[in-house]
Peer 1: 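Provided herewith is a single structure, encoded as structure tokens, for subsequent inquiry.
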2 protein chains.
Amino acid sequence: MPVNSFDNYPMSWKPDKNALKRPFYKSLASLLEQDITNGFLAPGTKLPPQRELADFLDLNFTTITRSYKMCEVKGLIYAVTGSGTFVAPNATRSITISADKTANSIDLGFVASFEQTNDIVSETLQKTVNKSYLEQLLNYNDPTGIPHQKTAALNWMESFGIHADQEHIAIVSGAQNALAVALAALFEPGNRIATDLYTYSNFIELAKMFHIKLVPIHGDQFGMLPDELEKQCCQTNIDGIFLMPSCNNPTTIMMSDIRKQELAAVIRKHRLILIEDDIHAFLTAGIISDYRQPMFHLLPEQSVYICGTSKSICSGLRVAYMVYGETLREKISQAIFNINVKTSSFDAEVITELILSGKAHEIVSHKKRLAQTANDIYSEYFPLRKDVGHPLSLYRWLPIKGHNDALQLETDLKRRGIRVFHSNRFQSGQTTPDMYLRIALSSTNSFDELKIGLGILKQYLN
Amino acid sequence: MPVNSFDNYPMSWKPDKNALKRPFYKSLASLLEQDITNGFLAPGTKLPPQRELADFLDLNFTTITRSYKMCEVKGLIYAVTGSGTFVAPNATRSITISADKTANSIDLGFVASFEQTNDIVSETLQKTVNKSYLEQLLNYNDPTGIPHQKTAALNWMESFGIHADQEHIAIVSGAQNALAVALAALFEPGNRIATDLYTYSNFIELAKMFHIKLVPIHGDQFGMLPDELEKQCCQTNIDGIFLMPSCNNPTTIMMSDIRKQELAAVIRKHRLILIEDDIHAFLTAGIISDYRQPMFHLLPEQSVYICGTSKSICSGLRVAYMVYGETLREKISQAIFNINVKTSSFDAEVITELILSGKAHEIVSHKKRLAQTANDIYSEYFPLRKDVGHPLSLYRWLPIKGHNDALQLETDLKRRGIRVFHSNRFQSGQTTPDMYLRIALSSTNSFDELKIGLGILKQYLN
DNA sequence: CAATTTGTTGGTAAACATTTG
DNA sequence: ACAAATGTTTACCAACAAATT
């Protein structure tokens, strides 16, 4: 490419050569960061190739590499060998989805969990405080959980197909906390974790915070494609994989048993660490005919299985169980100590009591019925595609067309009184042409409110 | 140095040239890691200078730099310009101090907090479950704490000299959790944080996990020396500073008010982010005559103030308060969401009730009396130096001589029935010739047990 | 399928900064 | 005060690898 062609094929970004100070690579990176956060470079914009920019700025091109790399680590841009470097879809904003309610808005965004069942929890809470051993819950002992709590936990997970002993389970403060512990314990900054093309947005943010790079892998209706994973593993060094086999968030895809085994073979071969988030186990095991087992037991020595009780039992009591192989035990308990010291024994005790008394199962049945009703309501507004996705999912994944500006779409709907999230928030890497909305069914105050919300949405999309 | 002098002045480490594979720097780093973890290279050993090793291996010396750097980031070695590179004091083991009790051992190691007061907590716990708004505590709302809980928190911290509003306080799951949140929110891997020469060992481990480098700064009996901090700030890029002004752990040093102001000036000048861990506020404010204020209000826009209730009120209820300036608000709430989603509202509610009912103050008075007694007992065995350190500290810092092998010392004492920790565990950077033991006074089951433990210790040291 | 474009990686060289003697 | 030893930083070059055309 001739040096003087800049005017004919203008570069999308022309940093001011005079603004560069030494060290160049840092200076250039912060210029880029500014221009992205100021909105001067929109998400999706292709940046000049390293060599071209180097030519323009009269620097060696690996100096540009380093600047780009700094911004990539911060999640501002992403690079694809062969095609170029692009501004990341979510460069300018955080995609974390929180429960912070905005007044007078119907929440189809955050996925809560039919809090109507919490009266049962209150009752049990009141009973729990009368235990004779209450004071044992108030000291620093048993940082990974009290033995009888672990026993109840194992008992609970038995029906999901999990079998483990006291030494290989830990109780932590909710599933998100478990993910944080797992990442901190088992990965280093710069490591790579394979994920589905669309994955849990709070995991994306968490990985960003820990400077772990996500490698999106294509999938089909049965889950991630083993060949695609294999391909990526051979290409780049991949250290781990994050999966939600029992019901992917946001796509609602359930992984078939065959697919689990095929993927496990690839994971085993490349020695990846598997993080299996089974938060939807309660909606899947025993309901789905094809369901056989979580992936954990296919790869026990290289997996962390996470089972949170926020969705299945109660969201305010912060409890999740982590199950792991012997090889990971020490690192995980170390990380739990570093991040939490210990989990509140009291929260865990209430959950334990709920499990042992059978109330937890009552709650689960109730939630399943509510999920069924909510899905029935949804299908009145938007037809469910047969055999695609989880039938009882707490959210749905709605393909949309012709709404290209994700932010605009969310804002428009907010103005009409509903909160939903655009598929952009769930993209672990590059942009795709397909667009969806994730519709939470379990967060409205009533089914009437859900109907109103879905009505508004349907009207808007038509 | 002539190339052939290796035999005359043998290098402390001669990696096998043939074992090196490409890429050299990674291969060399893992050789070094192995030799350290196998105990082949003992802590404190001086490694060959980069240039010398490069000569020996026939590589460019910056390749060695990179290998050393990899190991340094992992906390295996540390380097001092001008003097050389050394194996880190705690390279081979984790220094995390946990409450995992070993049977039949008197615990003078882990600092608990006189759990005798937990009967008061039990009572309040039982009352709390009868609140009419109990179900409000069981959902996903208010991730940083419910407003009335925050009000109580501010109320509590008022007496420590903290004034803030609802938007600048968050409730998290204990002080360690707050530290994790602060590091995740405000620092990046590779950042540097200044600390006292001896500092909280769990903070050292946490920083290691986040790949944050600690820069030890010398101090005197009034705390860290401002000139030393200034010097380091000018030399290397320092991003933050961690301080426990009201009672350093492990040295028990309280910072004088003048020193706080001098340090604040340096911190302001270099725009460091201050993490102020004020877990001992309850033992200091109102007791120490010189006490005026925490450092937070000297630097409100660049500080995070952390006030845990584990030591002062109850350790099993995992609650700590974080107070911060507007500039840090967004990042911190983001990190809280990423790591915890939310804190258990129930734990926070019990603490709130304890504060509002005045029981918390009762507990604190009780703990202060216990601390006084424990310190009186200690002084019968080991004389307290006048005017050095906190008079009511829950632990003491005992200078020892002639016991050079830290691990051996800890093991010897363990065999005699007591658990104590050697000063090596608390070193944030290089080794020092001075040696101490940290003696926890608040973790034995009774004062008689404390006396027995101190007796054994005294006999052993003589 | 070969050539081209584009990003990645690993080793090198030079200038720099700090500590020690 | 200065020289030597030692670690640090930044830029560059060359070989490589993947994707596109």
Side-chain angles (χ1 to χ4, degrees), chain A residues 1-2 5 9 11-12 20-29 46-73 77-86 190 192 213 215 228 231-238 429-430, chain B residues 1-2 5 9 11-12 20-30 46-73 77-86 190 192 213 215 218 228 231-238 429-430:
Chain A
M1 176 134 313
S5 70
Y9 300 96
M11 293 191 296
S12 58
L20 282 187
K21 292 182 214 56
R22 279 180 167 260
F24 297 138
Y25 79 100
K26 277 188 189 168
S27 167
L28 184 62
K46 182 178 190 302
L47 294 172
Q50 299 175 351
R51 285 167 178 81
E52 200 169 325
L53 188 57
D55 224 17
F56 174 70
L57 295 172
D58 214 9
L59 293 171
N60 181 284
F61 79 94
T62 56
T63 304
I64 313 293
T65 309
R66 288 177 73 180
S67 301
Y68 278 10
K69 184 59 83 187
M70 278 187 77
C71 290
E72 183 169 18
V73 165
I77 63 179
Y78 66 91
V80 185
T81 305
S83 31
T85 307
F86 306 84
R192 290 194 185 81
K213 212 177 145 181
V215 181
E228 292 285 323
K231 210 176 76 185
Q232 284 292 332
C233 285
C234 293
Q235 273 173 29
T236 64
N237 255 326
I238 297 193
Q430 61 236 63
Chain B
M1 178 137 307
S5 70
Y9 300 97
M11 293 192 296
S12 56
L20 282 187
K21 293 183 212 55
R22 282 181 165 257
F24 297 137
Y25 78 99
K26 276 188 188 167
S27 164
L28 184 62
S30 66
K46 183 177 188 303
L47 294 172
Q50 298 175 352
R51 285 167 179 80
E52 201 169 322
L53 187 57
D55 224 17
F56 174 71
L57 294 172
D58 214 7
L59 294 171
N60 181 286
F61 79 94
T62 57
T63 303
I64 313 293
T65 310
R66 289 172 72 178
S67 302
Y68 278 10
K69 184 59 82 187
M70 278 188 77
C71 291
E72 182 167 18
V73 164
I77 63 179
Y78 66 90
V80 185
T81 305
S83 21
T85 307
F86 306 84
R192 290 195 185 81
K213 210 176 147 183
V215 181
H218 279 268
E228 293 284 323
K231 210 175 77 187
Q232 284 293 333
C233 285
C234 293
Q235 273 172 29
T236 65
N237 256 327
I238 297 194
Q430 61 236 64

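As the structure is a prediction and not an experimental result, all values here were calculated from the model.
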Peer 1: Taking side-chain contact (heavy atoms from CB on, under 4.5 Å) as the test, write out the residues that go with A:Thr85, two or more places apart.
Peer 2: A:Leu47, A:Tyr68, A:Ile77, A:Ala79
Peer 1: Using whole Å, report how far CG of A:Leu47 lies from C1' of C:dT5.
Peer 2: 16 Å
Peer 1: Could you pick out which residue, B:Pro49 or A:Lys21, lies toward the 5' side of DNA chain D when each is mapped onto its nearest nucleotide?
Peer 2: B:Pro49
Peer 1: Just wondering, do B:Phe56 and B:Leu53 contact through their side chains at under 4.5 Å, heavy atoms?
Peer 2: yes
Peer 1: Please report the distance, rounded to the nearest Å, between CZ in B:Arg192 and P in D:dT8.
Peer 2: 9 Å
Peer 1: Measure from NZ on B:Lys46 to C1' on C:dT19 and round the result to the nearest Å.
Peer 2: 12 Å
Peer 1: Going by side chain to side chain donor-acceptor pair (under 3.5 Å), name the residues that satisfy it together with B:Lys69, two or more places apart in sequence or in a different chain.
Peer 2: none
Peer 1: Can you check whether B:Gln50 has a side-chain N or O nearer than 4.0 Å to OP1 or OP2 of D:dT8?
Peer 2: yes
Peer 1: Using the side-chain contact (heavy atoms from CB on, under 4.5 Å) criterion, which residues pair with A:Ser12? Sequence neighbours excluded.
Peer 2: A:Thr45, A:Pro48
Peer 1: Using a 4.0 Å heavy-atom cut-off to protein, can you give one letter per nucleotide of nucleotides 12-21 of chain D, 5' to 3': B if the base is in contact, S if only the sugar-phosphate is, - if neither?
Peer 2: BBB--BBS--
Peer 1: Which nucleotide wins on minimum distance to the side chain of A:Thr65, given the candidates D:dT10, C:dT8, D:dT9?
Peer 2: C:dT8
Peer 1: Round to a whole Å and report the spacing from NZ of B:Lys69 to P of C:dG10.
Peer 2: 18 Å
Peer 1: Whole angstrom is fine here: how far is it from OH in A:Tyr78 over to P in C:dT6?
Peer 2: 16 Å
Peer 1: Over how many whole Å does the gap from A:Leu53 atom CG to C:dG7 atom C1' extend?
Peer 2: 14 Å
Peer 1: For B:Phe86, give me all partners under ring pair (Phe, Tyr, Trp, His ring centres under 6.0 Å), at least two apart in sequence or on another chain.
Peer 2: B:Tyr78
Peer 1: Just name whichever nucleotide pairs with D:dA1, Watson-Crick or G-U, keeping both distances under 3.5 Å, else none.
Peer 2: none
Peer 1: For B:Ala54 and B:Asn60, work out which heavy atoms get closest and say how close.
Peer 2: CB-C, 4.0 Å
Peer 1: Give the rounded distance in Å between these two atoms: NZ of B:Lys26 and C1' of C:dT9.
Peer 2: 8 Å
Peer 1: Could you give the CG-to-P distance, from A:Leu28 to D:dA11, as a whole number of Å?
Peer 2: 10 Å
Peer 1: Who pairs with B:Thr63 by side chain to side chain donor-acceptor pair (under 3.5 Å), at least two apart in sequence or on another chain?
Peer 2: none
